[in-house]
J.: 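My questions will all concern the structure given below.
One-based numbering, in listed order, for ligands and for the atoms of each.
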Amino acid sequence: MGFEHKSVLLEETINGLNIRPDGTYVDGTLGGGGHAYEIARRLSDKGSIIGIDQDAAAIEAAGIRLKDFGEKVTIVRSNYCEMKSRLHELGIDKVDGIILDLGVSSYQLDTAERGFSYREDAPLDMRMDTRQTMTARDIVNDYSEMELYRVIRDYGEDKFAKNIAKHIVAARGRAAIETTGQLTQIIRESIPMKYQKMSGHPAKRTFQAIRIELNRELDVLRDSLDDMIDLLKPGGRLCIITFHSLEDRIVKSAFRKNENPCTCPPDFPVCVCGNVSKGKVITKKPILPSKEEQEYNSRSKSAKLRIFERA
Ligand SMILES: C[S@@+](CC[C@H](N)C(=O)[O-])C[C@H]1O[C@@H](n2cnc3c(N)ncnc32)[C@H](O)[C@@H]1O
């Protein structure tokens, strides 16, 4: 199968990066290389882009997509939370811009055996990095009912989270839950019929929740943002596309904190904490996909782009 992924907010992100043709850029979520391609083609011979992804299939696909750019492009298989040390290994201390386009690619969703999709029957996997040993199967079969409830409620924002967790625990008491098909069936049985027709596929939210938990997506994001801002040269920009309200909240508050890190009580006449602003938030409100993009690419519907510029 080809790597078919429609890049979300492509033009907006590329414009937001304010690309300097001789600059050094990082794409921390390379995927099929859609955004990276648009960056690479705006670079001069002195410019370069480092593409990072933890998924071997993405690395392979991006390598093919970007091969004509030759040495201008360096591809690294890694988690973006290790960006600082990966760049250091390449002799790079500071960069002119970084992008993150979070979540899963269409390719990951469409490759049945990766176990991301509730539309296909496959082993419960959902690992973005297949070098990791824990899979979605372990979460579904080993987490306590309370932990499952928390994950499905917080990361899936599913109002039937409690019932779904209860049904999962009851089902696995009879036999281990091995496949996406079995999990989907259990979720269907946990949600009243009249709601199943109302808000998309009944398993969508639970699958998203388990994927976020398994890949530690929110922790990784939270723990990486300060490092990424520190990696930027003056005027360098960080562009982040999120797909989940909790992701967006993490980005929004990290950007704010870096813009105004002062911890002095508001009634202090002058700042004594000594924390200095690292730059400014360019997007007071997030940039959203146009109506046309939302129609053409339904995956873009929940996307939000936020941009920070280093002082
Ligand atoms: C939405 S896709 C990116 C698509 C890409 N921007 C394009 O236009 O083709 C997200 C990619 O990020 C990768 N990814 C997600 N979290 C990651 C992380 N913490 N570290 C490295 N890669 C990650 C996934 O494996 C996936 O390939």
J.: Looking at Thr283 and Pro286, would you say the former's side chain and the latter's main chain have a donor-acceptor pair under 3.5 Å?
T.: no
J.: Determine whether the side chain, the backbone, both or neither of Glu217 has a heavy atom under 4.0 Å from any heavy atom of ligand 1.
T.: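 Looking at Glu217 and ligand 1, no heavy atom falls under 4.0 Å.
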J.: Would you say Ser105 has any N or O atom under 3.5 Å from an N or O of ligand 1, going by distance alone?
T.: no
J.: Which ligand 1 atoms are under 4.0 Å away from a heavy-atom of Gly103?
T.: 10 (C), 11 (C), 12 (O), 15 (C), 24 (C), 26 (C)
J.: Would you tell me which option among Asp53, Leu30, Thr29 has the nearest heavy-atom contact to atom 26 (C) of ligand 1?
T.: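 Ranked by closest heavy atom to atom 26 (C) of ligand 1, first place is Asp53.
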J.: Quick check against the 3.5 Å criterion: does Arg77 have a side-chain atom that pairs as donor or acceptor with the backbone of Gln54?
T.: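 At least one qualifying donor-acceptor pair exists.
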J.: What are the atoms of ligand 1, with element, lying closer than 4.0 Å to any heavy atom of Gly32?
T.: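 So the answer, numbered in order with elements, is 9 (O).
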J.: Go through ligand 1 atom by atom and flag the ones less than 4.0 Å from a non-hydrogen atom of Gly28.
T.: 21 (C), 22 (N)
J.: At less than 4.0 angstrom from any non-hydrogen atom of Asp55, what atoms of ligand 1 do you find?
T.: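 Checking each atom against Asp55, I get 25 (O).
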J.: Whether the side chain of Lys72 engages the backbone of Leu43 through a donor-acceptor N/O pair (distance < 3.5 Å, no angle test) should be reported.
T.: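 Confirmed, Lys72 side chain pairs with Leu43 backbone.
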J.: Report the member of Gln108, Gln54, Arg216 with the shortest heavy-atom distance to atom 24 (C) of ligand 1.
T.: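 Heavy atom nearest to atom 24 (C) of ligand 1 belongs to Gln108.
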J.: Any nitrogen or oxygen of Val104 lying under 3.5 Å from a nitrogen or oxygen in ligand 1? Just yes or no.
T.: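 No, there is no polar N/O contact under 3.5 Å.
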J.: Kindly indicate, with the supporting measurements, whether the criterion side-chain contact (heavy atoms from CB on, under 4.5 Å) is fulfilled by Met228 and Lys84.
T.: CA-CA 8 Å; Met228 288 192 284; Lys84 194 173 168 186; over 6 Å; no
J.: Applying the salt bridge (charged side-chain N to carboxylate O under 4.0 Å, His left out) test to Glu259, which of Lys284, Lys280, Arg310 qualifies?
T.: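 Exactly one candidate clears the test, Lys284.
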J.: Please determine which of Ile164, Asp158, Ile191 meets the side chain to side chain contact (heavy atoms under 4.5 Å, CB included) test together with Arg205.
T.: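 Running side chain to side chain contact (heavy atoms under 4.5 Å, CB included) over Ile164, Asp158, Ile191 with Arg205 returns exactly one hit, Asp158.
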J.: If I apply the N/O under 3.5 Å rule, does Asn79 come out as touching ligand 1?
T.: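 Min N/O separation from ligand 1 is below 3.5 Å for Asn79.
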J.: Give the atoms of ligand 1, by number and element, whose distance to some non-hydrogen atom of Ser7 is under 4.0 Å.
T.: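 This gives 7 (C), 8 (O), 9 (O) as the contact atoms.
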J.: Any salt bridge linking Arg42 with Glu38? Criterion: basic side-chain nitrogen under 4.0 Å from a carboxylate oxygen.
T.: yes
J.: Could you tell me whether a side-chain N or O of Asp96 sits under 3.5 Å from a main-chain N or O of Tyr25, the two making a donor and an acceptor?
T.: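 It does not hold such a pair.
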J.: If we ignore hydrogens and angles and just use 3.5 Å, is the side chain of Asn215 paired with the main-chain N or O of Met128 as donor and acceptor?
T.: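 Yes; at least one donor-acceptor contact below 3.5 Å.
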J.: When you compare ligand 1 with Asp27, is there at least one nitrogen or oxygen pair between them that comes in under 3.5 angstrom?
T.: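 Between Asp27 and ligand 1 (N or O atoms, distance only) the closest approach is not under 3.5 Å.
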J.: Heavy-atom contacts with Met128 under 4.0 Å: which atoms of ligand 1 show up? List them by number with element.
T.: 14 (N), 15 (C), 16 (N), 24 (C), 25 (O)
J.: Quick one: does Glu82 get a heavy atom under 4.0 Å from ligand 1?
T.: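 Glu82: no contact with ligand 1 (<4.0 Å).
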J.: Report the relative orientation of the aromatic rings in Phe207 and Tyr118; use parallel for angles under 30°, tilted for 30 to 60°, perpendicular for over 60°.
T.: perpendicular
J.: Within ligand 1, which atoms have a heavy atom of Val220 less than 4.0 Å away?
T.: 19 (N)
J.: Taking atom types as modelled and ignoring hydrogens, do the side chains of Asn258 and Asp226 form a donor-acceptor contact shorter than 3.5 angstrom?
T.: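 Distance-only check passes for Asn258 and Asp226.
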J.: Tell me the contacting part of Ser78 for ligand 1: side chain, backbone, both, or neither, using a 4.0 Å heavy-atom threshold, strictly below.
T.: backbone
J.: Can you list the ligand 1 atoms lying under 4.0 Å from a non-hydrogen atom of Leu102?
T.: 1 (C)
J.: How does Val8 reach ligand 1, by side chain, by backbone, by both or by neither, if only non-hydrogen atoms under 4.0 Å count?
T.: neither
J.: Side chain, backbone, both or neither: which part of Lys6 has a heavy atom under 4.0 Å from ligand 1?
T.: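 Answer for Lys6: neither.
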J.: Kindly say whether Thr135 contributes a backbone atom to a donor-acceptor pair with the side chain of Asp138 at under 3.5 angstrom?
T.: yes
